[in-house]
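Data block below; observations after.
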Amino acid sequence: MLAIEQAVAAPYATSRLAQDGARVIKVERPGGDFARGYDRAAAGQSSYFVWLNAGKESLTLDLRDADDLALARRIAARADVLIENLAPGALTRLGLDPAQLRATHPGLITCSISGYGTGHAYETARAYDLLVQAETGLCDVTGSAEAPGRVGFSVADIACGMQAYAAILKALIARGRTGEGRHIALSLFSSVAEWMAVPYLQAAAGSPPARVGVAHPSIAPYGVFRLADGTRLLIAVQSEREWQRLEPELLGPPDPRFASNVERVANRPALDAAIAARLAEMNVAEAEGLMSRCAIAHARLRDVTDALDHPALTRHEVVTPNGPIDLPRPATGLPEREGLTVPDAGAQTDAIRTEFS
């Protein structure tokens, strides 16, 4: 597949395909994908780039150059998939119109990723991840009661990349039946908006969700409490049966203010204060033991450094120019290809030029 990509959204989709065994030729502008400069956290290299580009081949092209454009067209003619996330219409203006390519090569699947989609006033708006979080309302349901917040990683880009990956696989299955490719158009905004369905439905009904931080707007007790040893413990009571098991063990005789979830939510400050006072007397072993005896869902609120040692975290290794890097293992298990390598910018340019000359 030919990937005229940058940043996160399209590279996420193609990274999954590379892990699945696809050959991905990544076109980088002269100077390289700007994501190579996001940070230096991965052995002196960009953490985003290392994560999203292992297993690809890097081809440096200036698509404004006639010879480089002709090479891109020759690669597209032999590709199963072309994916791009340039500015809307930029690929067409450069001379690689997806519709014309599919007309010439009917089996080709093309995928274009934009910020907001087309046909409205936001079509040409810049669409960095945080901007999309803000425009979709995601920031309004994230953060504390005092202020909105952002999801702490590029959730809009990743959501869109996941959608693109799934859509490309669906298109490949359909092509196996019909022999015909198709065009896929999707946006960061629409990817997050789909995930915002419940807040949107609540808002449309006149009850937009409250922003409550690490808590639940409509269930109590459901939140974080600090223990005597400093551990932050999140507890989540989901049913009346659970509360009836926990209350006598933690607080003592039943309190009419907490008799049902509706009353517990209405009296949340008093409830949280009572629970906080009791849990502040316990260490983590005592508190987790109590929650386990009462069959109450609970979790430690970990910082990122602590999460690195989580028993459920598994890793796989990729090869980079600066040495091997351990990454979280894909959720579906190990990649189909082991020993994936992160390429230097333009590392395969000469070989690819020769192959497609």
Side-chain angles (χ1 to χ4, degrees), residues 1-15 17-18 22-36 52-53 56-119 123-127 157 160-161 163-165 167-169 171-172 174-175 179-188 343 345-357:
M1 69 180 299
L2 180 62
I4 303 175
E5 61 180 22
Q6 58 194 359
V8 176
Y12 181 94
T14 55
S15 72
L17 292 162
R23 182 188 184 187
V24 178
I25 298 176
K26 177 185 179 76
V27 173
E28 298 194 59
R29 67 188 70 194
D33 183 343
F34 58 79
R36 289 182 179 273
L52 296 174
N53 291 282
K56 302 178 185 178
E57 301 172 36
S58 175
L59 168 65
T60 298
L61 292 182
D62 180 354
L63 294 177
R64 294 166 296 185
D65 177 86
D67 290 339
D68 283 3
L69 178 61
L71 175 58
R73 286 175 174 157
R74 291 195 298 274
I75 298 172
R78 291 165 54 180
D80 294 299
V81 179
L82 183 153
I83 185 171
E84 61 95 9
N85 65 331
L86 306 182
L91 200 63
T92 297
R93 292 192 295 273
L94 287 167
L96 283 169
D97 178 35
Q100 291 182 358
L101 289 171
R102 290 196 321 280
T104 307
H105 312 290
L108 179 65
I109 295 163
T110 56
C111 178
S112 294
I113 292 174
S114 66
Y116 294 98
T118 59
E123 179 174 340
T124 59
R126 290 187 177 272
D157 283 303
C160 191
Q163 298 279 14
Y165 173 51
I168 289 168
L169 293 178
L172 287 166
R175 192 185 68 176
E180 295 292 322
R182 66 174 63 168
H183 182 61
I184 301 162
L186 63 166
S187 71
L188 275 66
Q348 288 76 38
T349 296
D350 290 342
I352 293 171
R353 285 187 184 279
T354 300
E355 179 183 354
F356 290 90
S357 62

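Both backbone and side-chain heavy atoms feed into the values below; hydrogens, waters and symmetry mates do not. We number each residue from 1, following the sequence as shown.
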Min side-chain heavy-atom separation [X]-[Y] under 4.5 Å:
X      : Y      : result
Thr349 : Ser58  : no
Ile83  : Leu17  : no
Leu94  : Leu86  : yes
Cys160 : Leu186 : yes
Ile109 : Asp80  : no
Ile168 : Leu172 : yes
Asp67  : Arg353 : no
Asn85  : Glu5   : yes

Distance, nearest 0.5 Å, that separates [atom1] of [X] from [atom2] of [Y]:
X      : Y      : atom1 : atom2 : result
Thr110 : Leu82  : OG1   : CG    : 7.0 Å
Thr60  : Asp350 : OG1   : CG    : 9.5 Å
Leu101 : Leu96  : CG    : CG    : 5.5 Å
Ile352 : Leu71  : CD1   : CG    : 8.0 Å

Quick one: closest heavy-atom pair of [X] and [Y], and the distance?
X      : Y      : answer
Thr14  : Val24  : O-CG2, 3.8 Å
Ser15  : Leu52  : CB-O, 3.2 Å
Ala164 : Ile113 : CB-CD1, 4.0 Å
Gly95  : Arg73  : O-NH2, 2.8 Å
Ile184 : Ala171 : CD1-CB, 4.1 Å
Pro88  : Ser114 : CG-CB, 4.2 Å

**Request:** Could you list the residues that satisfy ring-ring contact (aromatic ring centres under 6.0 Å, His included) with Tyr116, not counting sequence neighbours?
**Result:** Tyr122, Phe189
Set of side chain to side chain donor-acceptor pair (under 3.5 Å) partners for [X], sequence neighbours left out:
X      : value
Ser112 : Glu84
Asp62  : Arg64
Gln100 : none

**Asked** Do the side chain of Arg102 and the main chain of Gly181 share a donor and acceptor less than 3.5 angstrom apart?
**Response** no
**Item:** Asp33 side chain vs Ala7 backbone, donor-acceptor pair below 3.5 Å
**Value:** yes
**Message:** Before you tell me yes or no, could you show the steps for Val27 and Ile75 under side-chain contact (heavy atoms from CB on, under 4.5 Å), namely the whole-Å CA-CA distance, both residues' side-chain angles and the distance that decides it to 0.1 Å?
**Reply:** CA-CA 11 Å; Val27 173; Ile75 298 172; 5.9 Å; no
**Message:** So, using salt bridge (Lys or Arg N to Asp or Glu O under 4.0 Å) as the criterion, who are the partners of Arg36 when residues are at least two apart?
**Reply:** Glu28
**Message:** Holding to salt bridge (Lys or Arg N to Asp or Glu O under 4.0 Å), I want the full list of residues that pass it with Glu123, two or more places apart in sequence or in another chain.
**Reply:** none
**Request:** Apply the test side-chain contact (heavy atoms from CB on, under 4.5 Å) to residues Phe356 and Ile25: give CA-CA distance (whole Å), side-chain angles for both, the deciding distance (0.1 Å), then the verdict.
**Result:** CA-CA 12 Å; Phe356 290 90; Ile25 298 176; 4.0 Å; yes
**Message:** So, applying side-chain hydrogen bond (donor to acceptor under 3.5 Å, both in side chains) with Glu57, which one of Arg23, Lys26, Gln348 is it?
**Reply:** Arg23
